[in-house]
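So you know, we letter chains A, B, ... as the sequences are listed, proteins then strands, and number each from 1.
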Protein chains: 2
Amino acid sequence: MPDLKIQHILTLAELFTKGARYNFVPITTSSLGKSINKSQQAASKHLVELEASGYVERLRSGQRVSVRITNKGYAEMLKISSILKSSLESVPGHLEFKGTISSGMGEGAYYMSMKGYTKQFKTKLGYVPFPGTLNVKLKDKESIEAKRSLDAYPAIMVDGFSDGKRTYGWVKCYPAKINGINAALILLERTHHDDSIVELISEENIKKATNLSTGSKVTIRVPMGTKIAQN
Amino acid sequence: MPDLKIQHILTLAELFTKGARYNFVPITTSSLGKSINKSQQAASKHLVELEASGYVERLRSGQRVSVRITNKGYAEMLKISSILKSSLESVPGHLEFKGTISSGMGEGAYYMSMKGYTKQFKTKLGYVPFPGTLNVKLKDKESIEAKRSLDAYPAIMVDGFSDGKRTYGWVKCYPAKINGINAALILLERTHHDDSIVELISEENIKKATNLSTGSKVTIRVPMGTKIAQN
DNA sequence: ATTACTATCTCACGAGTAC
DNA sequence: TGTACTCGTGAGATAGTAA
């Protein structure tokens, strides 16, 4: 049995909205054509083909034609509709980064331990992070691209501050899991890293907790809201 | 801006299920082709065209290609999906019959008043019908066809019985509204009517309640469940 | 193994038109 | 007014193939 042709989908949908599920509804091919942005001839052909394949039934009274959708037609539309729907819902809901643990948990430690930051971490993240950041070197283009698009998504904003001598930039925090451990991926206003490095903070010492060391492969997942942003 | 071509819908859907909403996912055109029941070349062309129209982005690392769906692509898919979904939900949910009141409320009265029936009407419909049936002559093919398909839908079954002398056939009742008045359309096992006549019973005297007389136009609606039956 | 070009073919669509 | 035929055009698919 030939499947429902894809170009017939909108025609069938239009018939549904016209109420043709149970009742035969009178319809002209020219109005149908307009509804689907095709010609009268195309609409006519669609109906002929849909009938031939058993997706609709037609009834003629002289010039008047009424159309009803069969159960087969209903089932087929339901199938297509749920394929689309479930594909849209199958969104994994997270951005994924793959990389390896790089160099030191050192440089960031000093800044991240400053009171101006830790106070905010406590209230906004719910914890004061372990002193030190974990640097992960992203190894593929996909992950680097993912980091770029991260910017556009809503984050927990830790504001910058001044200690009188100098100012410290803001920190965007994205709750994340790294190899299953809760953490936060952070984007810094002032960073000395290039796009291929991401930094993470966590309540615990991630290296110890996961038994990982420099060079180990890690996967970071940042759950996404249903928000639309980016490009 | 050119709308999403319908032949690209399934390709996009496939990309969604592969998780390409947020992340760039690696994919080969031949596997994609298989998934959409098209050739490798067709899949390749789809990706090229989808990218050109801004529905996806691609990332190449040598031969490896990764694909991500843009917000524009997501929005477009959402649009299509909801068009289909809402068209399926716009089912009016009733079979409609148009016709005129015909001849007598007489013939049926005797049978419908028999205890073997009235007892069942009371328990199954919740009332004992006014003695007499209302006959409606269906005037268009659509309504006659609707009557035929009614058979396939679930009904309230009033069983036949015997009074010792003879047997009386079953009666299928379909709760209905006739010009807004609650009634039941009935199909009789043994009827002397042709397909163009439907009979109705009601707790009240329909003619009086609606101020209708022989020849008046009426509209009967029989609400449908979400059941699939018929052809 | 890939992607994606060119050529070819098929078929969806619209124009014209019969009824 | 209608529907739906034939026919020409071009979009979309596949085959073959280069890189």
Chemist: Using a cut-off of strictly less than 4.0 Å between a heavy atom of the residue and any atom of DNA chain C, enumerate the qualifying residues of residues 33-43 of chain A by number.
Modeler: Lys38(A), Ser39(A), Gln41(A), Ala42(A)

Chemist: Arg64(A) vs Thr28(A), test: side chain to side chain donor-acceptor pair (under 3.5 Å). Steps then yes/no.
Modeler: CA-CA 8 Å; Arg64(A) 258 173 60 109; Thr28(A) 67; over 6 Å; no

Chemist: Quick one, Lys79(A) and Asp3(A) - any side-chain contact, counting heavy atoms below 4.5 Å?
Modeler: yes

Chemist: How are the rings of His8(B) and His46(B) set relative to one another: parallel (under 30°), tilted (30 to 60°) or perpendicular (over 60°)?
Modeler: perpendicular

Chemist: Got Leu15(B) and Leu12(B) here, is their nearest side-chain heavy-atom distance under 4.5 Å?
Modeler: yes

Chemist: For residues 91-101 of chain A, please give each side-chain donor-acceptor pair under 3.5 Å, one per line with the distance, not counting sequence neighbours.
Modeler:
| unit_1 | atom_1 | unit_2 | atom_2 | d |
| --- | --- | --- | --- | --- |
| His94(A) | NE2 | Arg221(A) | NH1 | 3.0 |
| Glu96(A) | OE1 | Arg221(A) | NH1 | 2.4 |

Chemist: Counting only side-chain nitrogens and oxygens, does Ser44(B) get under 4.0 Å of the OP1 or OP2 atom of dT3(C)?
Modeler: no

Chemist: Check whether any side-chain heavy atom of Val158(B) lies under 4.5 Å from a side-chain heavy atom of Cys173(B), and answer yes or no.
Modeler: yes

Chemist: With a non-hydrogen cut-off below 4.0 angstrom, is Arg64(A) in contact with a base, only sugar-phosphate, or nothing?
Modeler: nothing

Chemist: Going 5' to 3' through nucleotides 7-12 of chain D, assign each nucleotide B (protein heavy atom under 4.0 Å from a base atom), S (under 4.0 Å only from sugar-phosphate atoms) or - (no protein heavy atom that close).
Modeler: -----S

Chemist: Whole-Å distance between dT3(D) P and Glu51(A) CD?
Modeler: 13 Å

Chemist: Please state how far atom CD1 in Ile6(B) lies from atom P in dA12(C), giving the value in whole angstrom units.
Modeler: 11 Å

Chemist: Using 30° and 60° as the class boundaries, would you call the ring planes of Tyr74(A) and Phe16(A) parallel, tilted or perpendicular?
Modeler: tilted

Chemist: Which atom names give the shortest non-hydrogen contact between Glu145(B) and Phe24(A), and what distance separates them?
Modeler: CG-CE1, 2.8 Å

Chemist: Between His8(A) and Ile27(B), which is nearer to the 5' end of DNA chain C once each is assigned its nearest nucleotide?
Modeler: Ile27(B)

Chemist: Pick base, sugar-phosphate or nothing for Leu32(B), based on heavy-atom distances below 4.0 Å to the nucleic acid.
Modeler: nothing

